[in-house]
Amino acid sequence: MFARRVQEMLRCPLFRLGTRSSPRTSGRIVPVGSSATAGGKIALLERGIILSSVAYLAFETYKWKRGQTVVHASIKVEDIVEQADYLYGSGETIKLYELLSQYKDRNDAELLWRLARAARDMTLLSTTPRDEKKRLVYESFDCAKKALEVDELCWAAHKWYSICLSNVGDYEGIKTKIGNAYIVKEHLERAKELNPKDATTIHIIGVWCYMFADLPWYQVKIASALFGTPPSATFEEALTYFLQAEEVDPHFYSTNLLFLGKTYLKLKNKSLALDWLTKAKDFPARSDEDIEVQKEATDLLKSLGEKI
């Protein structure tokens, strides 16, 4: 039972992020690997991702260059980043990975953490074979690790190192996964310290706290026997992070609204729980994740006797 509980915990949003953020603020959420439809592009614009004409021209240049066999070292990092950010904002996961893979040997943190993110996003595509997913998980971790070695002050490198490290644990067993949880949080907190305006990082720390706070006492005792001193947290800590994320970027993410409602329920504050769950239910659905959030929020509201 404990092993199953841990497996469920490790599939939480912290470790299996099904969304992603904008290339610059990480506070805007768009579906991973989906092509941007006309409505999707409007949603992106509404969320503040403004693709300049320069970025578009850069992408057109990239489409021509990808047919060439030689990668020129003279290409500026800024131009590559511009192309990469356009592809990321457009949901072109495969093209983004192909682009950045050409520059994997460049010792530039901005390119390396983006490649780590792209490789990790490739693992979320249904078209990616299982064996290839494993290779990509380790590649993403290696890129994030290298990005940190190049620039320890790169906040995004810390953020993606923590996410990729957690994903590696999926292939190395539960004990390793739990043992790495301390390191995961350490790097998330470092990312937050370097960039306190990234709402997504703050949200992920909140999820980390929520999941460990939600372990029943008897499972904590079992974990202590298996892993020594297991990670621990409180719902009050989780609430603090979720509220901080909202303060930084209000209503930036439907899942943050949902977790606020669920946390208030854990703290037995029904009135505030109803408020946040209603906000999660009414959040405009722009992705499959938003739809799932709406369903869960609706179910929770019904369980509390609310008429929907």
Side-chain angles (χ1 to χ4, degrees), residues 10-11 13-21 23-24 26 32-33 62 66 71 73 75 77-78 80-81 83-85 87-88 92-195 198 200-201 204-205 208:
L10 297 178
R11 286 195 291 269
L14 166 61
F15 302 107
R16 307 291 298 178
L17 293 174
T19 59
R20 66 180 188 191
S21 50
R24 300 200 183 279
S26 294
V32 173
Y62 154 68
R66 69 184 292 234
V71 176
I75 299 177
V77 170
E78 292 81 3
I80 302 171
V81 167
Q83 297 170 36
D85 289 352
L87 291 170
Y88 185 77
E92 297 285 357
T93 303
I94 296 176
K95 292 178 181 178
L96 174 61
Y97 176 71
E98 291 175 348
L99 168 67
L100 292 173
S101 292
Q102 300 177 78
Y103 306 100
K104 62 183 178 181
D105 294 327
R106 284 204 180 186
N107 290 323
D108 187 280
E110 291 298 318
L111 295 180
L112 288 167
W113 76 254
R114 283 175 169 82
L115 178 55
R117 181 183 62 184
R120 183 262 179 192
D121 283 355
M122 287 285 292
T123 68
L124 301 179
L125 299 179
S126 60
T127 55
T128 303
R130 186 171 182 177
D131 290 344
E132 180 68 3
K133 287 183 179 182
K134 181 177 181 179
R135 184 194 69 77
L136 288 164
V137 163
Y138 281 92
E139 179 185 358
S140 67
F141 174 71
D142 289 341
C143 290
K145 181 180 179 181
K146 188 175 179 181
L148 276 182
E149 292 171 351
V150 172
D151 186 1
E152 195 277 337
L153 296 179
C154 178
W155 70 272
H158 283 281
K159 175 180 177 177
W160 284 96
Y161 179 85
S162 67
I163 295 171
C164 295
L165 174 62
S166 181
N167 290 340
V168 165
D170 291 340
Y171 295 95
E172 298 188 356
I174 293 176
K175 188 171 184 178
T176 298
K177 186 94 169 179
I178 294 295
N180 286 342
Y182 291 106
I183 303 173
V184 167
K185 189 181 181 187
E186 176 185 335
H187 283 278
L188 287 170
E189 290 177 337
R190 180 57 173 155
K192 179 177 179 290
E193 177 185 346
L194 291 169
N195 182 10
D198 181 55
T200 308
T201 298
I204 297 173
I205 300 175
W208 189 101

| Looking at Ala84 and Leu99, what are the two nearest heavy atoms and their distance? | N-CD2, 3.7 Å
| remark: One should read off an interatomic distance between Tyr103 OH and Glu110 CD, to the nearest 0.5 angstrom, of 16.0 Å
| Does Arg117 count as lying over the ring of Tyr88, i.e. NZ or CZ under 6.0 Å from the six-ring centre, within 45 degrees of the axis? | yes
| Can you tell which of Lys159, Lys192, Arg190 makes a salt bridge (Lys or Arg N to Asp or Glu O under 4.0 Å) with Asp198? | Lys159
| query | Is the closest side-chain heavy-atom distance between Asp170 and Lys133 below 4.5 Å? | reply | no
| Are the side chain of Thr123 and the backbone of Leu136 linked by a donor-acceptor contact shorter than 3.5 Å? | no
| task | Determine yes or no for a side-chain-to-main-chain donor-acceptor pair under 3.5 angstrom, with Ser101 supplying the side chain and Glu98 the backbone. | result | no
| Any donor-acceptor N/O pair, His158 side chain to Glu152 backbone, under 3.5 Å | yes
| remark: Looking only at heavy atoms, the pair that brings Thr201 and Leu188 closest together is CG2-O, 3.4 Å
| task | Test Thr93 against Leu124 for side chain to side chain contact (heavy atoms under 4.5 Å, CB included), laying out the working first. | result | CA-CA 10 Å; Thr93 303; Leu124 301 179; over 6 Å; no
| Between Leu125 and Ile94, is any pair of side-chain heavy atoms under 4.5 Å apart? | yes
| said: Distance check, rounded to the nearest 0.5 Å: Met122 atom CE versus Thr127 atom OG1? | reply: 7.0 Å
| message | Would you say that more than 12 heavy atoms from the other residues, nucleotides or ligands in this model lie under 6.0 Å from the NZ of Lys145, or not? | response | no
| request: Check whether any side-chain heavy atom of His187 lies under 4.5 Å from a side-chain heavy atom of Leu165, and answer yes or no. | output: no
| request: Mind listing the closest non-hydrogen atom pair of Ala147 and Ala157 along with its distance? | output: CB-CB, 3.9 Å
| task | Could you go through the salt bridge (Lys or Arg N to Asp or Glu O under 4.0 Å) check for Glu149 and Lys146 one step at a time? | result | CA-CA 5 Å; Glu149 292 171 351; Lys146 188 175 179 181; over 6 Å; no
| query | Can you list the steps and then say if Leu111 with Leu115 is a side chain to side chain contact (heavy atoms under 4.5 Å, CB included)? | reply | CA-CA 6 Å; Leu111 295 180; Leu115 178 55; over 6 Å; no
| note | Between Ala118 and Tyr97 the two heavy atoms that sit nearest each other are CB-CA, 4.1 Å
| field | Minimum-distance pair of heavy atoms, taken over all atoms of Arg120 and Ser140 | value | N-CB, 3.8 Å
| said: Once rounded to the nearest 0.5 Å, what's the spacing between atom CH2 of Trp160 and atom CZ of Phe141? | reply: 14.5 Å
| said: I need the Leu112 CG to Arg106 CZ distance, nearest 0.5 Å. | reply: 11.0 Å
| query | How far apart are the C-alpha atoms of Lys177 and Ser166, what are their side-chain angles, what is the distance that settles it, and do they pass the side-chain hydrogen bond (donor to acceptor under 3.5 Å, both in side chains) test? | reply | CA-CA 6 Å; Lys177 186 94 169 179; Ser166 181; 3.3 Å; yes
| field | Residue pair Cys154 / Trp113: nearest heavy atoms and the distance that separates them | value | SG-CD1, 3.6 Å
| query | Hey, does the side chain of Trp208 reach the backbone of Ala181 with a donor-acceptor pair shorter than 3.5 angstrom? | reply | yes
| Roughly how far, to the nearest 0.5 Å, is CD of Glu92 from CD of Gln83? | 13.5 Å
| request: Please tell me if the side chains of Ile183 and Tyr161 come closer than 4.5 Å, counting only heavy atoms from C-beta onward. | output: yes
| message | Using the rule salt bridge (Lys or Arg N to Asp or Glu O under 4.0 Å), only one of Asp85, Asp108, Asp121 pairs with Arg114; which is it? | response | Asp85
| With side chains defined as the heavy atoms from C-beta onward, is the minimum distance between Leu96 and Leu100 less than 4.5 Å? | yes
